[in-house]
There are 2 protein chains.
Amino acid sequence: MLESKDLRKVGLKVTLPRMKILEILESRSEEHLSAEDVYRGLMDSGEDIGLATVYRVLTQFEAAGIVARHNFEGNQAVFELNHGTHHDHMVCVECGGIVEFVDEVIEERQVRVAGEHDFELTDHSLILYGRCSNCRKR
Amino acid sequence: MLESKDLRKVGLKVTLPRMKILEILESRSEEHLSAEDVYRGLMDSGEDIGLATVYRVLTQFEAAGIVARHNFEGNQAVFELNHGTHHDHMVCVECGGIVEFVDEVIEERQVRVAGEHDFELTDHSLILYGRCSNCRKR
DNA sequence: ATGTATGCAAAACATTTGCACCTGG
DNA sequence: CCAGGTGCAAATGTTTTGCATACAT
């Protein structure tokens with residue numbers, strides 16, 4: 001559970017908007033929220049925080065390594081808390097559902113491929129698109 | 001080399017804008033062009049084709065399987081001709097350079113992961129970000 | 001106190017769409 | 001001829017920014 005000191009640790013002042021946004025992200029940590037989603041979450045909680053602030057804060061959190069931003073197909077980016085363990089995503093093109101996974105062999109191979117091309121790997125994005133088990137039944 | 005019959009084959013009328021856009025994509029097939037890039041290419045060749053048409057045509061080409069669209073980091077999508085062989089991308093975060101690669105082990109693993117989750121795989125996107133060999137020398 | 005954050009409204013982009021006109025088959 | 005394609009301008013949707021005010025330390 002992240003708190004004030006975690007914000008200070010990364011050099012961010014502890015403000016109400018930042019704490020509230022952290023709360024939303026934590027309370028819905030199994031989801032992948034767009035800036036809009038976070039904003040609506042705040043409104044529903046009666047918080048009066050601007051959408052621009054949501055964008056600014058999420059961007060700062062990303063820079064600080066607190067959240068990860070993903071550009072799945074479609075227009076808007078989604079965010080999720082970085083709970084330590086790296087993982088990739090599988091997105092259902094029918095229902096939008098998301099499954100997270102990790103495959104050590106793929107991870108290793110990526111490092112090897114980068115090495116073969118003298119690339120200093122800083123990050124990667126792997127997204128599998130398809131139809132999830134639920135949608136396939138219909 | 002793609003030509004008129006390839007357009008007819010996928011049910012698209014052979015029009016001047018479509019042919020010109022195909023030409024641009026072919027003449028710069030090592031690059032990954034944004035819609036803007038294609039548009040400027042057309043302007044530079046003295047063609048008077050609207051940006052809206054470029055977007056429409058690229059979208060149709062994608063639907064027809066003639067081109068692939070990629071959402072690298074940043075805002076605008078890039079397009080490249082589908083020259084048969086599937087491949088993934090490594091993007092240099094410093095110079096923007098792109099290296100294409102294929103790793104059979106990764107490909108296999110993706111299929112296996114999808115299978116484990118009862119996912120019917122339709123597509124995937126793997127992008128490695130880092131600093132390329134040239135940028136590392138500086 | 002003072003540098004940073006925030007809210008609001010406006011701007012900036014990338015992309016899409018409506019519509020009257022043009023064109024390929 | 002006529003369905004489909006195109007150009008232009010306007011609309012859309014997401015994200016960013018300018019600026020005056022409010023707040024954390």
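Here the structure is a predicted model, which means the values were calculated and not measured. Sequence lines set the chain letters: A, B, ... in the order given, protein chains first and strands last, and positions in each chain run from 1.
- With distances taken from any side-chain atom of B/K13 to the nucleotides D/dG7, D/dG4, C/dA14, the minimum falls on D/dG4.
- Aromatic ring centres of B/H124 and A/Y129 lie farther apart than the 6.0 Å criterion allows.
- What separates CG of B/N75 from P of C/dA12 is a distance of 15 Å, to the nearest Å.
- Here the C1' atom of nucleotide C/dT6 and the CG atom of A/L42 are 13 Å apart, to the nearest Å.
- No hydrogens or angles considered: a donor-acceptor pair under 3.5 Å links the side chains of A/E100 and A/H32.
- There is no side-chain donor-acceptor pair under 3.5 Å between A/T53 and A/R18.
- With hydrogens and angles ignored, the 3.5 Å screen pairs no side-chain donor or acceptor of B/R28 with any backbone N or O of B/L33.
- Atom P of nucleotide D/dA3 and atom CG of B/L12 are separated by 18 Å, given to the nearest angstrom.
- An OP1 or OP2 oxygen of C/dT6 is reached within less than 4.0 angstrom by a side-chain nitrogen or oxygen of A/T15.
- The side chain of B/A35 lies closest to C/dT15 when the candidates are C/dT15, D/dA9, C/dA5.
- Taking atom CG of residue A/N71 and atom C1' of nucleotide C/dC13, one finds them 15 Å apart after rounding to whole Å.
- Distance CG (A/L51) to C1' (C/dA12): 15 Å, rounded to an integer number of Å.
- We find that OH of A/Y39 is positioned 15 Å from P of C/dT6, with the value rounded to whole Å.
- Contact annotation: side chain of B/R8 to base of C/dG25, donor-acceptor pair absent below 3.5 Å.
- Residue order along DNA chain D, read from the 5' end via each residue's closest nucleotide, puts A/E36 first among A/A52 and A/E36.
- A side-chain donor-acceptor contact under 3.5 Å links A/H87 and A/E80.
- Among C/dT16, C/dA5, D/dT6, the nucleotide with an atom closest to any side-chain atom of B/Y55 is C/dT16.
- Which of D/dT15, D/dG7, C/dT6 sits closest to the side chain of B/I49 comes down to D/dG7.
- Evaluation of atom-type donor-acceptor distances gives a pair under 3.5 Å for the side chain of B/R56 against the base of C/dG18.
- Distance, A/D48 CG to D/dC23 C1': 15 Å, rounded to whole Å.
- With C/dT6, D/dG7, C/dG25 as the candidates, the nucleotide lying closest to the side chain of B/V14 is C/dG25.
- In this structure, the CD atom of A/Q60 is 12 Å from the P atom of D/dT16, given to the nearest Å.
- In this structure, A/V57 and B/Q76 both approach DNA chain C, and ranking their closest nucleotides by distance from the 5' end singles out A/V57.
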